[in-house]
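A short write-up of the structure that comes next.
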Amino acid sequence: MAALICAAGSGSRAGEGLPKQYRLLDGRPILSASLDLFLNHPAVSLVATVIGADHRALYDAAAAPFAASETLLAPAIGGDSRQASVRAGLEALAEREIDIVLVHDAARPFASAALVDRAIASAFANGGAVPGVAVVDTICEVDRGGGRGATLDRERCRALQTPQAFDYALLRAAHAQAEGAGRADFTDDGALYAWAGHRVVVFEGETENVKLTTPEQFEVFARREAVETLLTLGDVRMGTGFDVHAFGPGDHVILGGVAVPHDFGLSGHSDADVVLHALTDAVLGALGDGDIGAHFPPSDPTWKGADSAKFMADAVARVRARGGVIAHLDVTVIGEAPKVGPHREAMRARIAEICGVALSRVGVKATTTEKLGFAGRREGLAAMASATIRLPLTEDLA
Ligand code: CTP
Ligand code: MG
């Protein structure tokens with residue numbers, strides 16, 4: 001019993017990005033699900049894949065977890081159509097002794113072992129066997145102008161899936177015969193097998209066994225995965241940060257990574273960005289991982305005049321390294337001048353960019369101190385910040 005997985009398509013209908021069979025689903029390439037299914041099925045003793053000529057590296061990555069398996073053969077190179085790809089895969093198996101071949105689309109990662117069982121049982125009983133599900137919509141023909149044609153009898157229609165099971169020798173011969181007859185238009189092997197004169201039956205498919213085809217399908221899965229990831233990040237933490245720098249000579253200050261014109265500059269060892277320093281400390285505080293001075297000592301000449309975006313990005317990387325995300329950043333600038341309002345959106349955008357979070361997750365505010373204290377006397381600026389982060393739950397909560 002052999003399985004032949006078709007993975008040589010380009011996924012042109014699925015939109016931008018990797019060929020669809022190599023995109024990630026549940027943390028692994030979509031093709032890996034089919035390799036897993038057949039390599040772990042007790043009745044299947046050979047698994048072969050047809051891949052695109054340019055996809056060798058992608059295939060190797062998808063097959064890496066199964067590289068030690070003796071059941072998995074080296075991939076064959078597919079053709080311009082699915083039919084040509086299946087034919088190439090069948091030819092690559094010619095030296096083997098195979099009774100039944102299961103032809104499956106890599107674009108169907110949800111097929112179950114029970115479906116494979118049914119395909120095998122049906123092929124033994126009937127010859128060719130293809131899974132099909134009842135159609136729930138009314139089905140009609142359309143003419144070239146989009147005009148509605150005849151309604152098909154829904155009761156007599158099935159939407160066909162894979163894996164489809166056939167007598168290997170007969171399917172191989174049928175493919176050769178189709179090629180000889182100049183027929184290159186078969187989109188599924190059941191039709192080709194029947195065309196060659198063999199009996200094909202439809203057995204019960206699975207509604208979950210969808211063929212991933214459109215960008216919308218991938219968006220739904222991406223959103224679901226994002227929500228699932230968020231739900232695993234149940235350790236919600238809040239950290240605070242505070243920073244002060246004195247005014248000195250200069251014509252601008254750096255706030256949230258943005259140069260803001262002013263009559264003075266801010267003095268400090270780095271670029272004296274009070275906003276990013278307070279935010280960096282807030283993130284480090286939420287992690288319980290020291291403070292900005294512990295990670296980037298002012299005594300170290302490396303950080304003289306440094307862009308504080310580096311400190312901020314380092315704190316964010318520490319969150320990511322712990323498997324977490326930044327949920328929200330909020331900062332208040334304290335001082336009489338310069339006015340923050342005109343620069344607020346630029347600061348939010350730059351902070352969001354440095355931290356790799358959505359703009360809606362960054363707050364920037366400002367206040368004076370009613371001319372009281374050092375800020376009120378225009379001797380310098382202060383900033384206070386808070387950061388909310390989410391980390392995976394760990395046992396140390398208890
Ligand atoms: N396939 C193949 N060789 C081809 C075309 C398709 O092996 N020349 C495979 C695909 O990789 C997929 C399966 O056949 O697993 C079903 O085809 P389809 O869903 O049409 O995939 P693509 O052809 O890749 O996508 P599209 O038609 O949107 O370009
Ligand atoms: Mg296609």
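When a residue number appears, it is its place in the shown sequence, counting from 1. The figures here come from the full heavy-atom set of this structure, side chains too, leaving out hydrogens, waters and symmetry mates. When a ligand or atom number is given, it counts from 1 through the structure's own listing order.
Rounding to the nearest 0.5 Å places CG of Leu381 at 10.0 Å from CD of Glu336.
Closer than 4.0 angstrom to ligand 1 by heavy atom are Cys6, Ala7, Ala8, Gly9, Ser10, Gly11, Ser12, Arg13, Lys20, Gln21, Gly79, Asp80, Ser81, Arg82, Ser85, Asp105, Ala106, Ala107, Lys211, sorted by chain and number.
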Query raised in the report: Could you walk me through whether Asp243 and His245 pass the side-chain hydrogen bond (donor to acceptor under 3.5 Å, both in side chains) check?
Result: CA-CA 7 Å; Asp243 193 38; His245 280 276; 3.2 Å; yes

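Ring pair His262/Phe247: centre-to-centre distance below 6.0 Å. Taking the centre of each ring, Phe110 and Phe221 come in below the 6.0 Å mark.
Ion pairing between a basic and an acidic side chain is recognised when a charged N comes within 4.0 Å of a carboxylate O; Arg154 and Asp137 show no such pairing.
By the 30° and 60° cut-offs, the orientation of the rings of Tyr22 relative to His55 is perpendicular.
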